[in-house]
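Let me begin by presenting the structure, written as structure tokens, before commenting on it.
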Amino acid sequence: MTVQAAPADSDAPTVDRSRRHFLETAGLAGVATVGLPFALSACRQPDAPDMPQNLATAATSLPKRHEISPGQLDEYYGLWSGGHSGEVRVLGMPSGREIKRIPVFNRCAMSGWGQTNESKAILGTRADGTMKYTTGDTHHVHASYTDGTYDGKYAWVNEKIHGRIARIRLDTFECDKITEIPHIQGFHGIFPDKRDPVKAEVNHTTRVFCGSEFAIPQPNDGRDLDDPTKYYSVFSCVDAETMEVRWQCKVKGNMDLVATSFSGKLAAANQYNVENGAMLADMMSAERDACVFFNVARIEQAISDGRFYTLSDSKVPIVDGTPEKNTDPKTALTAYVPVPKNPHGVNASPDGKYFICAGKLSPTATVIDVAAVERWFEGEVPEIAQTIVAEVELGLGPLHTAFDGRGNAFTTLFLDSQIVKWNVEKAIAFYKGDNNAAYVVDRLDVMYQPGHLNASMSETREADGKWLITGCKFSKDRFLPVGPLHPENEQIIDISGEKMQLIADHPVWPEPHDFIVMRRDIVKPRQIYDLAEFPNAVKESRVVREGRKVTVHLISVAPSFSLPEVRVKKGDEVTVILTNMDKVEDLTHGFALPKYDVNFIVNPQETKSVTFKADKPGVYWFYCSHFCHALHLEMRSRLLVEA
Ligand code: RUQ
Ligand code: CUA
Ligand code: CA
């Protein structure tokens, strides 16, 4: 069935209730959301039947309900990077309600992240015991896979400034490990692998691949400062469980975003600076940059064969993936697919067939056949450029691509402030010479300048084509002004029908870069912590002195702390270990200590500790800072510091 195009105007749809009712009772409602496969080119088909415009508009613009009524739960978890807030955020989708902020590379005054000894052990500390870094810039959140779809175990997020990757447990939605990757700067793209390239039985994520944008002298110890021709970048593989860096691969040029194949054999990164330029003009001098592919099994074989080197005091094995050293496809570790000038995102289509590299400076997307790249590595494809099956125009400033699982791709056009929906197989047919293959299905204006976008379950085998979220870098006039700096605008788009429907705007504080949207049944959050996971859990409350070190073993049970007073001497180094023995979900207590700048919470069956110097004599009420009970205000005890 073919439907006449709705008007190009794509403002938030207002659906006339009576018409919707009419359509539903007339049994036509389904038309709005399903049953229109590939009628896309309607707007371009001269022979489309003359359908009454108003009916067509209504039929194609019925928005799916996205409002979640009070008391109702969202259908999806959204994991949002918080940009240079250093955090990760959890949003319910499709409501867009923010449910949690997960501190990762930032200090959190509520949870004590960055202050508790446990969080500092994860974050890393300086000699004086403070956080090693207090700045962080999160960009990309991706989650672990089993069998080509999310398994709800872990998520990872990169931190661009200092080159760190963090893991988030999806049972507690908390960060449990952070790794600082050696020899990189401008750490940008990450992607978990989807299965093991060698061990066929391992069908889940065991590695996370990491790109890096900025080439630096290797080692970066003061040599080669003025000679950028000697700088280079390395691609890193991090073990998903241990979070140790398994290996690195030296490349020609830089890396930006990362994608992985469903076969587990390949990882790839788009490169916008094959020139290895240190100046802007140099970075844009080549006509084509590249999408570099890594043959994971071969790299790991090279390492087990001892064909690697190491740098400075790091033990991480590094292999040479530069083109000069990888000329024979049958032994090559890497393959450089030439793509138009300064590309941006690279995304894997959910059918496993294609990697799509967005043009950024070129108005095109390049479609790379993943199986053909695998065949190139077997010597079966003469030229690497032959793995490109389409290079089609989409509009100005293509950045990132998402998928609906029905053969369509959605690409952000930064300069055009649009999302373009296009059909991948038709684009391939068009590129092959079929001029009738109208691959552009729809365009939607978004507000404004979109960077990332993602669709529900997009880069999994279960891409369901229901919701698309786009992260607009500018909100301009969409929200009440709050001074010179505005929030960004996350827009929710219904993609269940042929035409995209803008459903809602949400202000988000700068700046989310990327996000994923995961079905809620995949995630199994815990209700309380497991005491056994805390080796320092307090079983018996007491104060133990060893010289000038005093350890306060403290228990909280609503509405009191186990010790009514704690007495120490001026100059003591005090460690408070607090275990929350309450067993009721969400029965959380806080520990706030005036003038000593201490605050953290402990969730049911959790243990945390903080160490500080008791350098101010006097009486200090430590109190519960998290509302827990009718006697929450009374939940306080005294720290007595003797002069
Ligand atoms: S990048 S706007 Cu940090 Cu993900 Cu593309
Ligand atoms: Cu315990 Cu408030
Ligand atoms: Ca370039």
Side-chain angles (χ1 to χ4, degrees), residues 80-84 137-142 157-161 186-191 211 213 252-259 269-277 279-291 338-347 357-362 397-402 411-415 449-454 470-474 488 511-516 554-562 578 580-582 584 586-592 601-604 622-637:
W80 251 247
S81 135
H84 47 91
D137 183 16
T138 57
H139 282 239
H140 302 107
V141 185
H142 288 290
V157 66
N158 75 301
E159 193 278 296
K160 182 165 173 174
I161 306 173
F187 172 26
H188 199 209
I190 61 167
F191 218 99
E213 261 185 82
K252 170 178 185 269
N254 74 339
M255 289 152 288
D256 189 15
L257 280 303
V258 173
N270 69 290
Q271 303 186 292
Y272 63 77
N273 189 13
V274 293
E275 303 91 336
N276 218 10
M279 304 293 165
L280 183 61
D282 301 329
M283 296 183 202
M284 300 200 295
S285 58
E287 260 323 298
R288 287 179 93 86
D289 283 281
C291 183
V339 298
K341 220 183 181 95
N342 292 42
H344 194 45
V346 54
N347 295 94
C357 208
K360 192 170 77 182
L361 293 195
S362 159
L399 291 185
H400 294 280
T401 301
T411 301
T412 47
L413 301 174
F414 182 81
L415 297 175
Q449 262 84 43
H452 275 275
L453 82 177
N454 220 334
T470 182
C472 297
K473 301 287 187 193
F474 299 91
E488 291 169 19
E511 71 162 345
H513 287 252
D514 200 6
F515 35 85
I516 56 172
L554 191 65
I555 286 168
S556 62
V557 175
S560 58
F561 292 111
S562 57
L578 176 58
N580 181 359
M581 284 296 184
D582 276 308
V584 178
D586 202 27
L587 215 176
T588 293
H589 300 287
F591 179 100
I601 56 168
V602 275
N603 296 297
F622 57 90
Y623 70 94
C624 176
S625 54
H626 206 85
F627 210 104
C628 55
H629 190 274
L631 293 171
H632 158 75
L633 292 171
E634 288 82 350
M635 186 168 172
R636 54 190 169 100
S637 299

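For ligands, and for the atoms within them, numbers begin at 1 and follow the listed sequence.
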(request) Please say whether more than 12 non-hydrogen atoms of neighbouring residues, nucleotides or ligands are located less than 6.0 Å from CG in D586. (result)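 Counting neighbours around CG of D586, 12 or fewer heavy atoms of other residues, nucleotides or ligands fall under 6.0 Å, so no.
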(message) Among K473, H140, H513, H344, exactly one meets side-chain hydrogen bond (donor to acceptor under 3.5 Å, both in side chains) together with H452. Which residue is that?
(response)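 Of the listed options, the one satisfying the test is H140.
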(request) Find out whether Y272 and L361 are in side-chain contact, i.e. whether some heavy atom of one side chain is under 4.5 Å from a heavy atom of the other. (result)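 Of all side-chain heavy-atom pairs linking L361 with Y272, none is under 4.5 Å.
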(message) Can you list everything that forms a side-chain contact (heavy atoms from CB on, under 4.5 Å) with T412? Sequence neighbours excluded, please.
(response)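 Per chain and number, T412 pairs via side-chain contact (heavy atoms from CB on, under 4.5 Å) with L399, H400, I419, P450, L453, T470.
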(request) Name all residues meeting the side-chain contact (heavy atoms from CB on, under 4.5 Å) criterion together with P340; count only those two or more places apart in sequence or in a different chain, and write none if there are none. (result)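 If we apply the side-chain contact (heavy atoms from CB on, under 4.5 Å) test to P340, skipping adjacent residues, the hits are R288, S362, T364, T366, E391.
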(request) Decide side chain to side chain contact (heavy atoms under 4.5 Å, CB included) for H139 and D514; before the verdict, give the C-alpha distance in whole Å, the side-chain angles of both, and the deciding distance to 0.1 Å. (result) CA-CA 6 Å; H139 282 239; D514 200 6; over 6 Å; no
(request) Tell me which part of H140 gets within contact of ligand 1: side chain, backbone, both or neither, using heavy atoms under 4.0 Å. (result)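 Answer for H140: side chain.
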(request) Give the intermediate values and the outcome of side chain to side chain contact (heavy atoms under 4.5 Å, CB included) for residues C628 and T588. (result) CA-CA 6 Å; C628 55; T588 293; over 6 Å; no
(request) Provide the number and element of each atom of ligand 1 under 4.0 Å from a heavy atom of G451. (result)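 Taking each heavy atom of G451 in turn, ligand 1 has 2 (S) under 4.0 Å.
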(message) List ligand 1 atoms under 4.0 Å from H400, heavy atoms only on the residue side.
(response)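 Here the atoms of ligand 1 in question are 1 (S), 2 (S), 4 (Cu), 5 (Cu).
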(message) Quick check on atom 4 (Cu) of ligand 1: does H139 put an N/O/S atom closer than 2.8 Å to it?
(response)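 Under 2.8 Å: H139 has no N, O or S contact with atom 4 (Cu) of ligand 1.
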(message) I'd like to know: is atom 4 (Cu) of ligand 1 within the 2.8 Å range of an N/O/S atom from H344, strictly under that distance?
(response)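 Here the distance criterion (N, O or S atom, under 2.8 Å) is not met by H344, so no.
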(request) For atom 3 (Cu) of ligand 1, find the nearest protein heavy atom and state the residue, atom name and distance (0.1 Å precision). (result)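 That would be H188 NE2, 2.1 Å.
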Do the side chain of [X] and the main chain of [Y] share a donor and acceptor less than 3.5 angstrom apart?
X	Y	answer
Q449	C472	no
N270	C357	no
N254	N273	yes
D582	V584	no

(message) Using a cut-off of 3.0 Å, how many protein N, O or S atoms sit around the Ca ion (ligand 3)?
(response)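 Of the protein's nitrogen, oxygen and sulfur atoms, 7 lie under 3.0 Å from the Ca ion (ligand 3).
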(message) For atom 2 (Cu) of ligand 2, which protein N/O/S atoms fall under 2.8 Å? Skip waters.
(response)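 The answer is C624 SG, H626 O, C628 SG, H632 ND1.
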(message) Within this structure, what is the CG-NZ distance for the pair D289 and K341, rounded to the nearest 0.5 Å?
(response)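 Taking CG in D289 and NZ in K341, the distance rounds to 8.0 Å.
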